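For reference, the structure is listed below as structure tokens.
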Amino acid sequence: MANYISLYSGSSGNCSVLEQNGKFILIDIGKSARITANALKDLGLELKNLQGILISHEHSDHINGLKVFTKKLNVPVFSNCATLDYIADNDLVHSHIVLEDMNMAGHNIGDFFVTGFETPHDSVGCMGFNVHTKQGTRLTMATDLGCVTDGILKQFMGADLAVIESNYDDIMLKENENYPYYLKTRIASSRGHLSNAQCSDAAAKLLENGVKKLHLCHLSNNNNTPSTALSQLALTSMAKGIDIHRDIEIIKANRRHEITDPTQF
């Protein structure tokens with residue numbers, strides 16, 4: 001079985017591990033190379049077994065540690081063309097690193113087969129990922145999206161593990177006096193981030209259709225809490241007759257500075 005592990009998650013940085021038999025790939029490297037390398041060491045994962053790096057988009061909380069982390073490595077970096085061009089043009093990766101277009105045709109990356117799909121976010125290009133194992137299981141992940149379109153929902157349907165953004169609580173964002181109006185508008189826009197309510201509506205549909213394992217990711221430190229996000233999901237799901245504590249195998253909210261326990265998929 002493959003394992004999904006969040007090393008850290010939130011506006012201060014995002015990084016996830018997909019591991020099977022000691023070999024692994026990373027999704028985003030948003031904190032320093034030192035923090036990321038130490039987290040991998042804590043998990044007993046050796047850098048020689050890193051098969052590739054997936055980058056969702058070019059915002060700093062997803063690529064901040066990329067250049068330093070890959071300085072002495074020889075692993076390919078996968079993303080959409082717009083993001084790869086931005087990374088190359090802005091000298092955000094060393095010249096020896098191979099940049100690979102992640103398209104719907106997909107790539108074999110170590111023990112995984114990965115395809116990408118577009119997500120609505122205010123970046124040059126943003127994408128989620130479908131990660132397939134040789135055993136026929138699938139993880140679907142989208143960390144930054146302003147809304148869940150029918151196409152995105154379709155990507156998540158049937159996943160063995162769904163990892164989806166639950167960034168902010170509507171009331172907390174509205175009442176946050178430290179956030180200027182333009183920033184609140186940007187976050188809540190259809191190309192910003194996903195609210196707890198939006199996430200819960202989408203997640204409940206997934207749970208109705210058989211998804212049994214779910215992680216909430218990219219929670220805001222200032223406009224959300226894990227308990228708030230999970231409570232919203234519980235209420236929305238209960239309205240559809242789903243008790244997340246009884247009917248679902250795994251429900252987690254990824255933490256800002258904490259490594260999650262592995263979730264098999």
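The structure displayed is predicted, hence computed values, not measured ones.
Checked against side chain to side chain donor-acceptor pair (under 3.5 Å), Lys31 has the following partners two or more places apart in sequence or in another chain: His257. With sequence neighbours left out, the side chain to side chain donor-acceptor pair (under 3.5 Å) criterion links Asp169 to no other residue. Qualifying side chain to side chain donor-acceptor pair (under 3.5 Å) partners for Asp160, counting only residues two or more places apart in sequence or in other chains: none. Applying the ring pair (Phe, Tyr, Trp, His ring centres under 6.0 Å) criterion to Tyr4, with sequence neighbours excluded, gives His215. Under the rule for a ring pair (Phe, Tyr, Trp, His ring centres under 6.0 Å), the partners of Phe78 that lie at least two apart in sequence or sit in another chain are His107. The side chain to side chain contact (heavy atoms under 4.5 Å, CB included) test applied to Thr185 returns Tyr181, not counting sequence neighbours. For the side chain to side chain contact (heavy atoms under 4.5 Å, CB included) test, residues two or more places apart in sequence or in another chain that qualify with Asn221 are Arg256. Under the salt bridge (charged side-chain N to carboxylate O under 4.0 Å, His left out) criterion, Lys252 pairs with no residue at all, not counting sequence neighbours. Not counting sequence neighbours, the partners of Lys48 by the salt bridge (charged side-chain N to carboxylate O under 4.0 Å, His left out) test are Glu46. Among residues two or more places apart in sequence or in another chain, the salt bridge (charged side-chain N to carboxylate O under 4.0 Å, His left out) test is passed with Asp111 by Lys134.
Residue-environment remark: NZ (Lys67) exceeds the threshold of 12 foreign heavy atoms within 6.0 Å. Counting non-hydrogen atoms of neighbouring residues, nucleotides and ligands closer than 6.0 angstrom, the CG atom of Leu183 exceeds 12 such neighbours.
Nearest heavy atoms, Gln20 versus Ala2: NE2-N, 3.8 Å. What you find for Gly106 and Thr115 is that their closest heavy atoms are CA-CG2, 3.6 Å. Between Val211 and Ala162, the shortest heavy-atom contact is CG1-CB, 4.2 Å. Shown here for Gly110 and Gln51, the closest heavy-atom pair between the two residues is CA-OE1, 3.5 Å. Closest non-hydrogen pair, Arg138 versus Phe265, comes out as C-CD1, 3.9 Å.
In this structure, the side chain of Asn176 engages the main chain of Asn178 through a donor-acceptor pair within 3.5 Å. Checking side-chain atoms of Ser9 against main-chain N and O of His218 turns up a donor-acceptor pair under 3.5 Å. The closest donor-acceptor contact from the side chain of Asn74 to the backbone of Ile97 lies at 3.5 Å or more, if one exists at all. Side-chain atoms of Thr70 never come within 3.5 Å of backbone atoms of Leu73 as a donor-acceptor pair (strictly under, hydrogens ignored). No donor-acceptor pair under 3.5 Å is formed between the side chain of Asn64 and the backbone N or O of Ser60. Side-chain atoms of Asn224 come within 3.5 Å of backbone atoms of Ser166 as a donor-acceptor pair (strictly under, hydrogens ignored). Side-chain N or O atoms of Glu175 include none that pairs as donor or acceptor with a backbone N or O of Met172 at under 3.5 Å. No donor-acceptor distance shorter than 3.5 angstrom exists from the side chain of Thr140 to the backbone of Phe156, with no hydrogens or angles considered. A distance-only check finds no donor-acceptor pair linking the side chain of Gln135 to the backbone of Met1 [under 3.5 Å]. When atom types are taken as modelled, the side chain of Glu19 and the backbone of Asn21 share a donor-acceptor pair closer than 3.5 angstrom.
Using cut-offs of 30° and 60° on the angle between ring planes, the pair His62 and His57 is tilted.
Of the options Leu66, Ile55, Leu40, a side-chain contact (heavy atoms from CB on, under 4.5 Å) to Leu26 is made by Leu40 and by none of the others. Checked against Thr260 for a side-chain contact (heavy atoms from CB on, under 4.5 Å), the options Val17, Leu7, Ile5 give a single hit: Ile5.
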Can you list, pair by pair, the side-chain donor-acceptor contacts under 3.5 Å of residues 80-89, counting residues two or more places apart and other chains?
| residue | atom | partner | partner atom | Å |
| --- | --- | --- | --- | --- |
| Asn80 | OD1 | Ala82 | N | 3.3 |
| Asn80 | OD1 | Thr83 | N | 2.8 |
| Asn80 | OD1 | Thr83 | OG1 | 2.9 |
| Asn80 | ND2 | Thr83 | OG1 | 3.3 |
| Thr83 | OG1 | Gly125 | O | 3.0 |

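Residue pairs that meet the salt bridge (charged side-chain N to carboxylate O under 4.0 Å, His left out) test with at least one member in residues 180-191, sequence neighbours left out, are Asp122-Arg186.
Using a 4.0 Å cut-off between a side-chain N of Lys or Arg and a carboxylate O of Asp or Glu, Asp247 and Lys212 do not qualify as a salt bridge.
Donor-acceptor pairing under 3.5 Å is lacking for the side chains of Gln232 and Thr228.
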